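Take a look at the structure set out below.
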Amino acid sequence: MSFEIETTYNRESMDAMNRLAEKTIRPDLVWFRMACLILGVGGLAFGAYQQVVLGEAGKSTASICYGIGLVLLLMGIFWHSYFLNYKAKGVTAGGVKTYSFEFEENFFTSDHPEMLLNYPYSKFQYLCENDRWMVLFSDKRTGIILDKTGFVEGDPEAFGPFLEAKTGLTITKV
């Protein structure tokens with residue numbers, strides 16, 4: 001049994017991969033953002049408290065708290081978008097490209113320049129999917145995203161069970 005899937009690596013696919021990672025193997029990204037938002041609001045509130053309670057004497061402390069609170073709030077609000085833009089630019093730096101991934105009985109290959117070798121299925125540590133995308137993670141920061149609408153060869157319905165059998169992992173549905 002073999003499968004071939006073509007996936008276009010662009011902003012949409014990178015966003016999907018990062019969102020799936022956040023919901024499965026990288027919840028630390030969500031916690032970082034929440035911590036920034038909570039600490040930012042806390043900094044602004046403490047600054048206001050300092051200014052009201054201490055009056056003129058608390059102005060310098062309040063200004064520092066306002067500054068720190070504002071920076072943390074901005075990080076919490078915009079960090080995720082910045083991070084996704086940074087990742088997408090790195091992957092699509094040479095232009096948007098479509099790659100072919102072939103899954104054979106004992107290994108998988110790709111025409112991606114960094115993946116021209118045969119790789120064993122033991123390379124994968126985590127599998128997840130949503131309605132459109134499937135991500136095969138080799139670690140918390142590295143994975144292959146597959147567009148489930150891009151099947152060139154093989155039965156899309158049989159691909160998930162095939163991967164689960166070959167990797168010994170269970171696909172997490174998001």
Side-chain angles (χ1 to χ4, degrees), residues 5 7-99 101 110 112-115 119 122-150 160 163 167-174:
I5 305 168
T7 300
T8 300
Y9 273 46
N10 56 17
R11 174 63 191 259
E12 181 186 10
S13 61
M14 293 299 97
D15 282 353
M17 186 159 121
N18 285 310
R19 299 244 183 251
L20 285 167
E22 273 184 358
K23 292 178 180 176
T24 55
I25 64 169
R26 293 293 312 270
D28 53 321
L29 295 176
V30 175
W31 284 107
F32 173 78
R33 186 175 185 190
M34 291 302 294
C36 285
L37 292 172
I38 291 168
L39 291 173
V41 169
L44 293 175
F46 189 69
Y49 171 79
Q50 289 290 316
Q51 196 167 11
V52 169
V53 171
L54 299 177
E56 237 3 82
K59 258 190 170 176
S60 61
T61 306
S63 295
I64 292 170
C65 290
Y66 287 146
I68 291 171
L70 185 60
V71 167
L72 288 170
L73 272 178
L74 291 174
M75 282 178 65
I77 293 168
F78 296 113
W79 174 261
H80 189 261
S81 297
Y82 172 79
F83 177 74
L84 290 180
N85 280 329
Y86 174 77
K87 292 293 278 183
K89 282 180 187 174
V91 171
T92 60
V96 174
K97 296 201 180 352
T98 299
Y99 297 109
F101 298 92
S110 172
H112 190 289
E114 295 176 13
M115 300 178 62
Y119 285 96
S122 60
K123 175 180 177 65
F124 300 124
Q125 295 181 3
Y126 199 84
L127 310 173
C128 64
E129 70 177 345
N130 64 16
D131 292 338
R132 166 119 189 248
W133 305 97
M134 179 178 283
V135 183
L136 318 174
F137 288 102
S138 54
D139 61 43
K140 280 188 164 193
R141 299 181 189 279
T142 309
I144 298 169
I145 185 149
L146 302 172
D147 187 343
K148 292 175 13 180
T149 64
L163 270 181
T167 61
L169 302 170
T170 302
I171 297 172
T172 301
K173 306 217 185 311
V174 178

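Given the structure is predicted, the values throughout are model-derived calculations rather than measurements.
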**Q.** Sub-4.5 Å side-chain heavy-atom contact between Leu146 and Leu136
**A.** yes
Q. In chain order, what residues pass the side-chain contact (heavy atoms from CB on, under 4.5 Å) check against Leu74, with sequence neighbours excluded?
A. Leu70, Phe78
Q: Would you check if the side chain of Gln51 reaches a backbone N or O of Ala62 as a donor-acceptor pair within less than 3.5 Å?
A: no
Q.
For the CD1 atom of Ile144 and the OG atom of Ser110, what is their distance to the nearest 0.5 Å?
A. 7.0 Å
Q. Can you pull the ring pair (Phe, Tyr, Trp, His ring centres under 6.0 Å) pairs that have at least one residue in residues 123-143, sequence neighbours excluded?
A. Phe108-Phe124
(Q) Looking at Asn10, is its backbone amide N or carbonyl O close enough to the side chain of Ser13 to form a donor-acceptor pair, meaning the two atoms are under 3.5 Å apart? (A) yes
Q | All pairs passing salt bridge (Lys or Arg N to Asp or Glu O under 4.0 Å) where residues 37-65 contributes a residue, at least two apart | A | Glu56-Lys59
Q: Give every residue pair that meets the salt bridge (Lys or Arg N to Asp or Glu O under 4.0 Å) criterion with at least one member in residues 65-76, sequence neighbours excluded.
A: none
**Q.** Check: Thr167 side chain, Leu169 main-chain N or O, donor-acceptor pair, under 3.5 Å
**A.** yes
Q) Between CG of Leu73 and CD1 of Ile38, what distance do you get to the nearest 0.5 Å? A) 11.0 Å
Q: Report the distance from atom CG of Leu39 to atom CE of Met34, rounding to the nearest 0.5 Å.
A: 11.0 Å
Q.
Applying side chain to side chain contact (heavy atoms under 4.5 Å, CB included) to Arg132 and Thr149, what does each step give before you reach the verdict?
A. CA-CA 7 Å; Arg132 166 119 189 248; Thr149 64; 3.9 Å; yes
Q. Can you name the closest pair of heavy atoms from Ala16 and Ile145 and give their distance?
A. CB-CD1, 3.9 Å
Q: Check side-chain contact (heavy atoms from CB on, under 4.5 Å) between Thr170 and all other residues, then give those that pass, not counting sequence neighbours.
A: Glu164
Q.
Quick test of your reading: applying salt bridge (Lys or Arg N to Asp or Glu O under 4.0 Å), list the pairs with at least one residue in residues 34-52, sequence neighbours left out, ordered by first then second residue.
A. none
Q.
If I take atom OH from residue Tyr49 and atom CG from residue Leu54, how far apart are they, to the nearest 0.5 angstrom?
A. 7.0 Å
Q. Within the side chain of Thr24, is there an N or O that forms a donor-acceptor pair under 3.5 Å with the backbone of Leu20?
A. yes
Q. When you measure from the side chain of Lys148 to the backbone N and O of Asn130, does any donor-acceptor pair fall under 3.5 Å?
A. yes
Q) If we only count heavy atoms from C-beta on, is the Met134 to Leu127 side-chain gap below 4.5 Å? A) no
Q.
As an exercise, state the distance from OH of Tyr119 to CZ of Phe101, rounded to the nearest 0.5 Å.
A. 11.0 Å
Q) Where do Thr7 and Asp147 come nearest, in terms of heavy atoms and distance? A) OG1-N, 2.9 Å
Q: Drop me the distance from Ser63's OG to Gln50's CD, to the nearest 0.5 angstrom.
A: 11.0 Å
